[in-house]
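In the text below, chain A, chain B and the rest are named by the order of the sequence lines, each starting its count at 1.
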Amino acid sequence: MSNAVVDSDAGTTATSRADEVKRLERREGWKRRLPILPALIYTIVVTQIPFLFTLFYSLTDWRIDKVEPRQFVGIENYTSLTSETEKFFRDAAWVSVQMTVMAVLFSLIVGTLLAILLDRQFFGQGFIRTLLITPFLVMPVVAGLMWKTQMLNFNFGIINWLRNGVGLESVEYATKHPMASVILVLVWQWSPFMMLIVLAGLQGQDQSVLEAARVDGASTFGIFRQITLPQLRPFLELGTLLGAIYLIQVYDHIEVIVGGQPGANNLPFYIAQRSIGGGNRFGLASTYSIIVVIASIIIANIGLRVLSNLLEDDS
Amino acid sequence: MAVFSRSPKPEPVLGQNRAVGHLLSFVTWIIGLVFFFPLFWLTVNGFKEESVASADPTLRFDPTLDRFAEVTEANSGLLSFAEAFSNSLWVVLISTAFVMVLAIPAAYALSIRPMKMWRDVLFFFISTKFLPIVGIIMPVWIIARDLNLLGTRTVLVVLYTAMNLPLAVWMLRSFFAEVPKELIEAAQIDGCSLLGQIRQVLLPIVAPGVAATALLCVIFAWNEFFFALQLNPTGASTIPVWVNSQQKFQGQFIATLSAASVLATLPVVIAGWIAQKRMIRGLAMGAIK
Amino acid sequence: MAEVRYEKASRIYGFGAVGEVRAVNQLDLDIADGELLVLVGPSGSGKSTALRMLAGLETVNEGSIFINDVDVTLKPPQERDIAMVFQNYALYPSMTVAENMGFALKQAGVSKSDRRQQVEEAARILDLEPYLDRKPKNLSGGQRQRVAMGRAIVRSPQVFLMDEPLSNLDAKLRVQTRTELVDLQARLGTTMVYVTHDQVEAMTMGHRVAVLDHGVLQQVDSPRTLYSQPANLFVAGFIGSPAMNLIEVDRSGDTLSIGTTAVPLPDDVSAQIRSSDVNTFVVGVRPEHLGLTDDGIPASVTVVEELGSEAFVHTEVAHQGGTLTVVVRVEGETNIRRGDSISIGVAGPVHVFEAQSGIRLGASA
């Protein structure tokens, strides 16, 4: 009942047929890749190309407040980093390391504990979860100002009021313990984030494994240590990675809470201060930036290896 | 996998015993309230007179809306609330729209496998988040200055789009990857074009995920302070800069600052409360699934 | 209505240094108009890939595929006039049943009233009328399966492609739907290519069955021929449940013995063995072609599976210095218990294959 149509490719040779197949596959491949290009090009133009400029600046003695043309100075800026005059840079680097490590670590610990507490059915579970995630949503500037003026304040901060209530002296937190103050606020904001990631891990556990362990007579703590914790590992790693990405770049809290007093200035803050923040030393500050980027690349490489292990599972 | 599914309820890590269970519930409530307390206090202070806010903490006072009225009034020469709010709204909405237009096709292509290098491309996007902002701030400042873009909303739109793009691609990919590939194949067999496949088949399914991703971009852009401060010190600046300017170096300002903080925070906090489940699922599952 | 023809069609993954993998290798297959052909094989056999090549969802790297003598090798899926039912049904979750069924017609620009009429007709055939306004998530598994079928038949395509459409149903529903599907195909008379890993499904549904393994077509024939005359060792082991007893035997002259008991062989097989330079063969006997005799192969019973009308007795038999398991079917009720010693005799056709190549000896299909 069907009228036979003459094979349109009857005359073509085998090789042109194979070429045609390859051409189709290539076109199919481009059809898949094309949608990525706009996003890719945009990202490269806005993030990667400026970075090359930074690299170039770092090899000059450029100060934008001086009219003299910038001079190419090679790696002089880099070698100067170990000199006595660059002590503040090294301090800032050390502050960055301490601040990032402590903020990530404490957020992860607090967040995990909160997740474990929330991972039960109880009255008001959803309400408490909502309260607990709110700090993460709060604008960092607001979080910093709020803690500085209303929680940690020497005169009318709640914490000093409580100290006085039990007979202790008031403490000027932001000046006496600038780094601890910043870390406290960071942990307050980032614990909820860690909590949600760990909670996702806890609730995604394979239930049959837990039941099997219970049937095998494992204790609650034993199940947590030997089964839950290994299953949580990818989530803890993800939390650490994402937390580190953001916390290494903290600026807002420092600007607002300590505002340039010594003791809590990390690298992003110091670099901004030395360049567009009035320091005008673009050449030198670019050198600092390059150092930060190199350090970040090292951390990122470790982090991406972790991520790549995570992505292995679903390919 | 539903992250916050209620049924079937996963076995909790803690608490098989009833008494212990009640104690743990109580402890959780206390911790939740302590965590939220600073924000509660901030809100309360916003309703106080300046003299009451700058004194020993108290809950006994006559609430007033005067501070809210004061901070929203226009101040000559200074950035007003109305200006900052409309700048923020403009920058946030336009940049989020750009992010979505760029990220949706990219995430769609990355979620359909097999595609060689998909992992490398995804890594590239995510790795740009590792590039510290300080690594590019100087050239960005110079370029913006030379293009006469300092102090404009445009420069913030450009930067916020770049800032949120990797995260959006990352989250959207995980939502798209959950859509069975057979659905797209079925649409193909049914004679649907590529655009039709995205519009008629894919988007209705992933709409909640797309909304959650957009909302997260809105939150990050709304809260951004560094670029807004450094590139926009004058006219076109946004809400975070406005809040920071409510901090005075003499006189009492805590109640005013609190009222301003509440106004600045409320929009994204409410948005975050509404979308919390999906937002975090997208973040957490981005890597796992 | 259409004929389908695969001509040396191959799907090749990973060109170049990695080395190529042929998911489907030089497939030659003719499917007649109105035929229900089943593609069966274990996972990784290439059966789904072969179907997807016909659908246009996989590239055909070598060879060609014809539908009604039209070369469709390079055509995209929508130009092939086919309909496919997926294992997970792939129903559009945001559309109602009626919208799902009418989607292809809508894409083709069929008017709203025509669409409605065709959807309603298909719904009547499949008893889906009460559900037309529901969303897929509000349907049971069996109803979803029928919607997927409905989406296919609404278009009256040239060929139906079925990719394990029943494997998400529970056992009872699967058997029922199987019969309905065969009936539906017979009524519509549309060519159907059906992929399954379940050999029972293949045997009960297919007019002809094509057995694939590692991308290579092993045998294509009617279910009965596949069962009675498997072309090679793979088909012999794959088709039939419980599986054929396959016993490796070193020949002595032209006789093959299990233990010390010579297996009765047809003359042409004996002749082939005699003239062959192969030493090791595999003797295949289906459980129902073995029976209890007084003077057969001694065996000790390990497990008895009683199914009521019949029983399968699993036994251990001494053979060439070791033991091997042989399954015997016994009619009706049986008194045989674990530990009993019984004697097995061959009471039906015996299949002989070369052990290395797997090729069948004697008359082939």
Side-chain angles (χ1 to χ4, degrees), chain A residues 32 35-36 38-39 42-43 46-47 50-51 53-54 116-117 119-122 128 130-134 137-142 146 149-151 156 158 161 196-197 200 203-205 207 210 224 228 234 238 245 249 251-252 268 271 275-276 282 286 289 292-293 296 300 304 307 310-311 314, chain B residues 1 3 9-15 25 28-29 32 35-36 38-39 41-42 54-55 57 102-103 105-106 108-109 115 119 121 123 127-136 138-141 162 165 223 225-226 230 240 243-244 254 257 261 264-265 268-269 272-273 276 280 284 287-289:
Chain A
R32 285 181 179 167
I36 303 173
Y42 188 90
T43 306
V46 181
T47 68
F51 175 68
F53 277 92
T54 306
I116 290 170
L117 281 173
D119 182 37
R120 314 163 45 248
Q121 213 147 34
F122 62 93
I128 293 296
T130 304
L131 288 192
L132 280 173
I133 68 156
T134 312
L137 301 170
V138 170
M139 188 180 287
V141 173
V142 167
M146 175 185 74
T149 60
Q150 288 163 52
M151 295 290 124
F156 9 82
I158 294 283
W161 179 69
L196 283 163
I197 288 190
Q203 306 203 330
Q205 283 186 90
Q207 292 306 305
L210 295 189
F224 180 75
T228 304
L238 177 70
I245 293 178
Q249 305 197 33
Y251 174 89
D252 309 5
I271 291 169
S275 57
I276 49 178
F282 272 47
S286 294
S289 300
V292 178
V293 171
S296 298
L304 285 181
L307 275 188
L310 298 180
L311 288 168
D314 73 338
Chain B
M1 171 173 34
V3 175
K9 181 66 189 130
E11 290 280 338
V13 172
L14 288 175
S25 304
T28 315
W29 264 86
F35 251 79
F36 191 74
L39 292 167
W41 193 244
L42 176 82
S54 300
L102 292 170
Y108 172 71
M115 191 185 88
R119 192 175 286 136
V121 174
F123 276 0
S127 71
T128 61
K129 288 303 287 179
F130 288 99
L131 180 71
I133 288 166
V134 294
I136 60 165
M138 281 164 267
V140 164
W141 190 85
L165 195 52
N223 288 348
F225 179 57
F226 182 69
Q230 303 294 350
V243 173
N244 195 40
I254 286 183
L257 180 64
S261 298
T265 317
V268 294
V269 165
W273 283 346
Q276 48 176 313
I280 295 309
I288 314 295
K289 275 210 152 171

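Proximity to chain A (any heavy atom under 4.5 Å) is restricted, for B:Trp141, to the side chain, taken from C-beta onward. Both the backbone and the side chain of B:Leu42 come within contact range of chain A, judged by heavy atoms closer than 4.5 Å. Heavy atoms closer than 4.5 Å to chain A are found in both the backbone and the side chain of B:Phe226. Proximity to chain A is limited to the side chain of B:Leu165, based on heavy atoms less than 4.5 angstrom apart. For a residue to count as touching a neighbouring chain, one of its non-hydrogen atoms must lie under 4.5 Å from one of that chain's; by this rule A:Tyr251 touches chain B with the side chain only. When heavy atoms are compared at a cutoff of 4.5 Å, A:Phe282 approaches chain B by way of both its backbone and its side chain. Of the atoms belonging to A:Ile133, it is side-chain heavy atoms, and not backbone ones, that fall under 4.5 Å from chain B.
Applying the 6.0 Å contact sphere to CZ of A:Phe53 captures no more than 12 heavy atoms from other residues, nucleotides or ligands.
Side chains of A:Ile128 and B:Trp29 form a contact here, defined as non-hydrogen atoms less than 4.5 Å apart. Looking at A:Thr228 and A:Leu210, their side chains come closer than 4.5 Å, going by heavy atoms from C-beta outward. The shortest side-chain heavy-atom distance between B:Ile254 and A:Gln150 falls under the 4.5 Å cut-off.
Contact count against chain A (heavy-atom pairs under 4.5 Å) is highest for B:Pro38 among B:Gly32, B:Ala103, B:Pro38, B:Ser261. Chosen from A:Thr43, A:Thr47, A:Val46, A:Thr134, the residue pairing most often with chain B at heavy-atom distances under 4.5 Å is A:Thr134.
In terms of heavy atoms, B:Ala106 sits closest to A:Ala39 at CB-CB, 3.9 Å.
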Requested in this report: For the pair A:Asp252 and A:Met139, evaluate side chain to side chain contact (heavy atoms under 4.5 Å, CB included) and give the outcome as yes or no after the intermediate values.
Outcome: CA-CA 9 Å; A:Asp252 309 5; A:Met139 188 180 287; over 6 Å; no
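Remark: side-chain polar atoms of B:Asn223 are paired, donor with acceptor, to backbone N or O of A:Leu137 under 3.5 angstrom.
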